[in-house]
Protein chains: 2
Amino acid sequence: MNDADEGVTRWRRVADRIRASIADGSVSNQLPPETELAERYAVNRHTVRRAIQSLAAEGLLRSERGRGTFVNASAPRLAYPVGLRTRFSENVTAQGQRPAGRLIRSETVRADQALAALLNCPLGAALARLDTLSVASGLPLSVSTGYFPADRFPNIVRDYAETGSITEALRRHGLPDYRRLETRITAERVHPVDAEHLDLPPDSIVLVSSAVDVDAEDRPVQAMRSRFPADRMELVFRL
Amino acid sequence: MNDADEGVTRWRRVADRIRASIADGSVSNQLPPETELAERYAVNRHTVRRAIQSLAAEGLLRSERGRGTFVNASAPRLAYPVGLRTRFSENVTAQGQRPAGRLIRSETVRADQALAALLNCPLGAALARLDTLSVASGLPLSVSTGYFPADRFPNIVRDYAETGSITEALRRHGLPDYRRLETRITAERVHPVDAEHLDLPPDSIVLVSSAVDVDAEDRPVQAMRSRFPADRMELVFRL
DNA sequence: GCTAATTTGTTCGTATGTATA
DNA sequence: CTATACATACGAACAAATTAG
């Protein structure tokens, strides 16, 4: 406890030394066991664990029970273009992937204040809620919750289940085209249910995209809220 | 600890009970002390701390040394419009806030592969790197790292330091206007240095916006990478 | 396929430091 | 100044998952 203490806690100093050993390449893939690190840095195993936890929270490390602690390989993110005519299937096929949409859940709900405002419909109006999972080449890319006016799109659930495509389901209701009005982006920790569908660890980060699509007459068609794995995806806006 | 164990760890069960006590309103502001919770749930104080840590990571709780543990009030996110002519100062003033930009750090670097491609300049070209902090009404909104061709904007650092505005600094170099070419959005855990500047807990989430601005002749003016606190901000794209 | 060793995860106990009321 | 409350740190033991033999 006497060496250049500087008021920095031990676990931070351990974390810094681990970070440095990765930066200078002396550790590239797997870290030594916690017990060994504890001995090397002359601290308790708990202190090492606290340091590793901190680095894992930054995304630098990843611990696997029974196996060890590993340096995270940072794979390039998949670019997902968002624009006036955002279509999932077009985006994916443009990158040489096989798209697929699967219905997770559906129900009919009443429009609350927020949904009524977004969809420009009366409070309490019947809405079809569709929870869908988008997959490209076996890798889950997003889970989306979409709300559609039930009177205008009575068979949206069946049509989506049959085609796996919102675009196609809407076309069957006589809507040849629609466009994106506005997209709001934020990020948060993944909801446990979404983590299951997206095959993500429970402390992962998701990009949350909230958007409204409108038809040619500017009437709202759907309000949707999509969650993307932040470490696999990048949303690209070209203006 | 024999009741319906289900193989769920104790700290998770404690976390669930705390979450429930918040959801049903029996705890609205401050949590009881850790020692009291430990006694109430018949577990060690460490187990309570592990549960609280988990809920804090979700953003539900916030611990303050010497004071206690509090339920986080979820404030509505500040909307930050992004478009062809994204200007920090205009965005902020439009919402009745007082904008301010402060220079954190600056240096001259050589363009690596990625920067050369973004800025359409030779590999190894001199670039001015500016790290800036944007604040509105005392609340830090973003940290940005911008790269500018050093030959074209020799005094960018001084001009920014004097004006606190990139727009104004570029104007002084004879560039009356510029526009946003493309914006790429993803999210990640905050870097410790950024956490300091943004006044964020070390495990927070930041939205990362990577963009290139170009002049009227489509020549790249700056490549920038901005980090926004995800729990305070929402990026809005209107197309 | 089974067992033992390895490695991370959880839980207790105890003590001390540091910020706040 | 004292009491309270969260933060750090050590030690010990066992559980759970994986790997090696």
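Here is how names work: the chains are called A, B, and so on, in the same order as the sequence lines, proteins then strands, and each is numbered from 1.
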[X] has a side chain; which of [options] sits nearest to it?
{"X": "A:Pro33", "options": "C:dT7, C:dT14, D:dC6", "result": "C:dT7"}
{"X": "A:Ser63", "options": "C:dG9, C:dC12, C:dT10", "result": "C:dG9"}
{"X": "A:Thr9", "options": "D:dC6, D:dT8, C:dT8", "result": "D:dT8"}

Original post:
Residues two or more places apart in sequence or in another chain: which of them pass salt bridge (charged side-chain N to carboxylate O under 4.0 Å, His left out) with A:Glu64?
Top reply: A:Arg62, A:Arg67

**OP:** Determine whether the side chains of B:Arg102 and B:Thr132 contain a donor N or O and an acceptor N or O closer than 3.5 Å.
**Re:** no

Distance check needed: [N] [atom2] versus [X] [atom1], whole Å only.
{"X": "A:Gln53", "N": "C:dT10", "atom1": "CD", "atom2": "C1'", "result": "13 Å"}
{"X": "B:Glu64", "N": "D:dA5", "atom1": "CD", "atom2": "P", "result": "14 Å"}
{"X": "B:Arg50", "N": "C:dC12", "atom1": "CZ", "atom2": "P", "result": "13 Å"}
{"X": "A:Arg12", "N": "D:dA7", "atom1": "CZ", "atom2": "P", "result": "12 Å"}
{"X": "B:Leu61", "N": "D:dA7", "atom1": "CG", "atom2": "C1'", "result": "16 Å"}
{"X": "A:His46", "N": "D:dA9", "atom1": "NE2", "atom2": "P", "result": "13 Å"}
{"X": "B:Arg45", "N": "C:dT10", "atom1": "CZ", "atom2": "P", "result": "18 Å"}
{"X": "A:Glu36", "N": "C:dT7", "atom1": "CD", "atom2": "P", "result": "8 Å"}

OP1, OP2 of [N] versus side-chain N and O of [X]: anything below 4.0 Å?
{"X": "B:Thr69", "N": "D:dA5", "result": "no"}
{"X": "A:Asn44", "N": "D:dG11", "result": "yes"}
{"X": "B:Arg10", "N": "C:dC12", "result": "yes"}
{"X": "B:Thr35", "N": "D:dA5", "result": "no"}

Has [X] got more than 12 heavy atoms of other residues, nucleotides or ligands less than 6.0 Å from its [atom1]?
{"X": "A:Gln113", "atom1": "CD", "answer": "no"}
{"X": "B:Glu196", "atom1": "CD", "answer": "no"}
{"X": "A:Glu162", "atom1": "CD", "answer": "yes"}

Original post:
Looking at B:Ser134, B:Ser226, B:Ser209, which one forms a side chain to side chain donor-acceptor pair (under 3.5 Å) with B:Ser144?
Top reply: B:Ser226

**OP:** Could you check whether the rings of B:Phe237 and A:Phe237 sit parallel, tilted or perpendicular, using 30° and 60° as the cut-offs?
**Re:** parallel

Review item, nucleotides 17-21 of chain C N/O atoms under 3.5 Å of protein N/O:
{"residue": "C:dG17", "atom": "N2", "partner": "B:Arg65", "partner atom": "NH1", "Å": "3.4"}
{"residue": "C:dT18", "atom": "O4'", "partner": "B:Arg65", "partner atom": "NH1", "Å": "3.3"}
{"residue": "C:dA21", "atom": "OP1", "partner": "B:Arg67", "partner atom": "NH1", "Å": "2.5"}

